[in-house]
Novice: 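Below is one structure. I have some questions about it.
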Amino acid sequence: MATTTQIPLSQPDITQREIDAVVATLRTPHLSLGPRLPEFEQRIAAYVGTRHAVALSSGTCALHLCVRALEIGAGDEVITTPFSFVASANCALFERATPVFVDIDPVTLNLDVTRIAAAITPRTKAILPVHVFGLPADMAAILRLARAHGLAVIEDACEALGARIDGVCAGGLGDCGTFGFYPNKQMTTGEGGMLVTNRDDIARLALSMRNQGRDDGMGWLSHARLGYNYRLSDINCALGIAQLERIDEMLAARAQVAAWYDEALAVQAPMMVRPAAPPAGMTRSWFVYVVQLPMGYVEAQRNALITQLRGQGIGCNQYFPCIHLQPLYRDELGYGPGMFPVTESVSARSIALPFYNRLPRADVQQVVAALTAWLKQHAPAEQHG
Ligand SMILES: Cc1ncc(COP(=O)(O)O)c(C=O)c1O
């Protein structure tokens, strides 16, 4: 008999306010390209602190349009991390460019900036850092390298709305940045994404390309360039506006749940590797709560733990699997095991625990108790000296 999940891995936080906003839009004739679209864009731009925000139908579309707007194409290389969601590397492949991976820092789990310079070649066009799990990457070092080598910077902030570096929002520091609004994110539009930028040229191209290549003021059946239907409907935008109005409250709720996990794990399972405290000047925006089994445990044990927790009705998952070990990347790009040892080690021992705004403290305690019970019964498979 299948076990029912009693504590889900994630859950959106939808109140009557969001329902009313969506219903109000449904009562208008403007379900797409109506007034909620520019309103949502202006509000995100104001929140992030960029000149422009372009709403799109997903974070993946936002990454794609960043690559296109920067004219990155066949033969070009984009330096990025193998420890991310696959879209952050796929966006280079969409345009026949090559994602060049650089291993991660074992503590922050973001790009190891000390390894980037060695990966730069005459073909490198951009660096694409990901603010993994809502913790900002070392943007100061990345921007310094990019300036020194004449490279663009695309920030994948899909997991990091509200994360800050010296008070400035992550996503707004590079040439362009992206956010994602899938239901597991800090805020949701159902499906959706946003491209943010201070560059007028990138904003203009993104606006055109999301709308079938139409330029501003052009007729519906005129197309200045290759474009897509990457539009976000007014229904989604209405939901996004209502969520953004509650963003501070939602981020605070997530931080509270993370603090409960930190506290319980520190007492009951101190050997578990908890999410790193942010480096000086940085603020994490809590997206997921991912812990690692200590060094010495192997992937099969992590998988057994996931099976055990799921069997107890606790939603959890491996997060992230290595991008370079996905079949596409092994078969088509020649990547393989052993190439990014830090990423592989972290990935093999990582587990995302249930995490969402309204997760009750008692559920956090139940998850930690289940994890602790498993640890008592399972010693590491490998000895580390
Ligand atoms: C780091 C990262 N980049 C890109 C994306 C893609 O966003 P979407 O699912 O909205 O296309 C995600 C979504 O999970 C993500 O976590």
Side-chain angles (χ1 to χ4, degrees), residues 9-12 40 44 53-68 78-95 99 101-102 104 108-111 126-137 139 142 153-163 169-171 174 176-196 206 209-210 228-233 236-237 239-240 243-244 254 275 284-290 317-324 326 328-329 343 346-347 350 352 355-356:
L9 179 56
S10 73
Q11 218 172 50
F40 184 37
I44 288 282
V54 179
L56 299 159
S57 47
S58 69
T60 305
C61 298
L63 286 167
H64 184 203
L65 293 193
C66 288
V67 170
R68 282 214 56 134
V78 177
I79 293 176
T80 190
T81 168
F83 190 67
S84 178
F85 182 65
V86 71
S88 56
N90 279 353
C91 66
L93 292 181
F94 293 161
E95 293 302 317
F101 294 121
V102 165
I104 57 168
T108 65
L109 312 185
N110 282 317
L111 271 180
I127 306 175
L128 194 157
V130 180
H131 304 302
V132 169
F133 306 154
L135 183 67
M139 288 304 293
I142 289 166
V153 174
I154 302 170
E155 274 179 274
D156 183 343
C158 282
E159 302 191 346
L161 185 73
C169 268
C176 42
T178 64
F179 294 101
F181 304 128
Y182 189 72
N184 66 344
K185 295 294 190 303
Q186 287 90 335
M187 60 161 270
T188 187
T189 58
E191 292 281 1
M194 192 72 72
L195 183 159
V196 293
M209 287 190 285
R210 79 151 174 218
Y228 312 87
N229 179 356
Y230 283 175
R231 296 185 300 264
L232 189 67
S233 85
N236 301 89
C237 291
L239 176 53
Q243 287 263 283
L244 190 59
R254 296 176 95 80
R284 184 196 285 271
S285 168
W286 283 96
F287 165 50
V288 282
Y289 195 89
V290 175
N317 211 352
Q318 60 170 137
Y319 204 63
F320 295 109
C322 302
I323 299 180
H324 68 285
Q326 297 287 343
L328 169 72
Y329 283 78
T343 299
V346 169
S347 173
S350 289
F355 191 71
Y356 48 92

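Small disclaimer: the values here were computed from a predicted structure and weren't measured. In listed order, ligands and their atoms are each counted from 1.
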Novice: Among all residues two or more places apart in sequence or in another chain, which pass the salt bridge (Lys or Arg N to Asp or Glu O under 4.0 Å) test with Arg210?
Specialist: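 Per chain and number, Arg210 pairs via salt bridge (Lys or Arg N to Asp or Glu O under 4.0 Å) with Glu41.
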
Novice: Report the residues that fulfil ring-ring contact (aromatic ring centres under 6.0 Å, His included) with Phe179, sequence neighbours left out, ordered by chain and then residue number.
Specialist: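 Scan of Phe179 (ring-ring contact (aromatic ring centres under 6.0 Å, His included), adjacent residues dropped) gives none.
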
Novice: In the structure I gave you, are the side-chain heavy atoms of Cys91 and Thr178 within less than 4.5 Å of one another anywhere?
Specialist: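 No, side chains not in contact.
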
Novice: Pairs under 3.5 angstrom, nitrogen or oxygen on both sides, ligand 1 versus protein: list them out, please.
Specialist:
unit_1: ligand 1; atom_1: 3 (N); unit_2: Asp156; atom_2: OD1; d: 3.3
unit_1: ligand 1; atom_1: 3 (N); unit_2: Asp156; atom_2: OD2; d: 2.7
unit_1: ligand 1; atom_1: 10 (O); unit_2: Gly59; atom_2: N; d: 2.8
unit_1: ligand 1; atom_1: 11 (O); unit_2: Gly59; atom_2: N; d: 3.4
unit_1: ligand 1; atom_1: 11 (O); unit_2: Thr60; atom_2: N; d: 2.9
unit_1: ligand 1; atom_1: 11 (O); unit_2: Thr60; atom_2: OG1; d: 2.5
unit_1: ligand 1; atom_1: 14 (O); unit_2: Lys185; atom_2: NZ; d: 2.8
unit_1: ligand 1; atom_1: 16 (O); unit_2: Glu159; atom_2: OE2; d: 2.7

Novice: List the atom of Tyr356, the atom of Arg254, and the distance in Å for their closest heavy-atom pair.
Specialist: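 Heavy atoms only, the tightest pair is CA-NH1, 4.3 Å.
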
Novice: Return the set of residues passing ring-ring contact (aromatic ring centres under 6.0 Å, His included) with Phe320 (not counting sequence neighbours), or none when no residue passes.
Specialist: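 Per chain and number, Phe320 pairs via ring-ring contact (aromatic ring centres under 6.0 Å, His included) with Phe83, Phe133.
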
Novice: Between Phe94 and His64, what is the ring plane arrangement, given parallel below 30°, perpendicular above 60°, and tilted in between?
Specialist: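 Judged by the thresholds at 30° and 60°, the geometry between Phe94 and His64 is perpendicular.
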
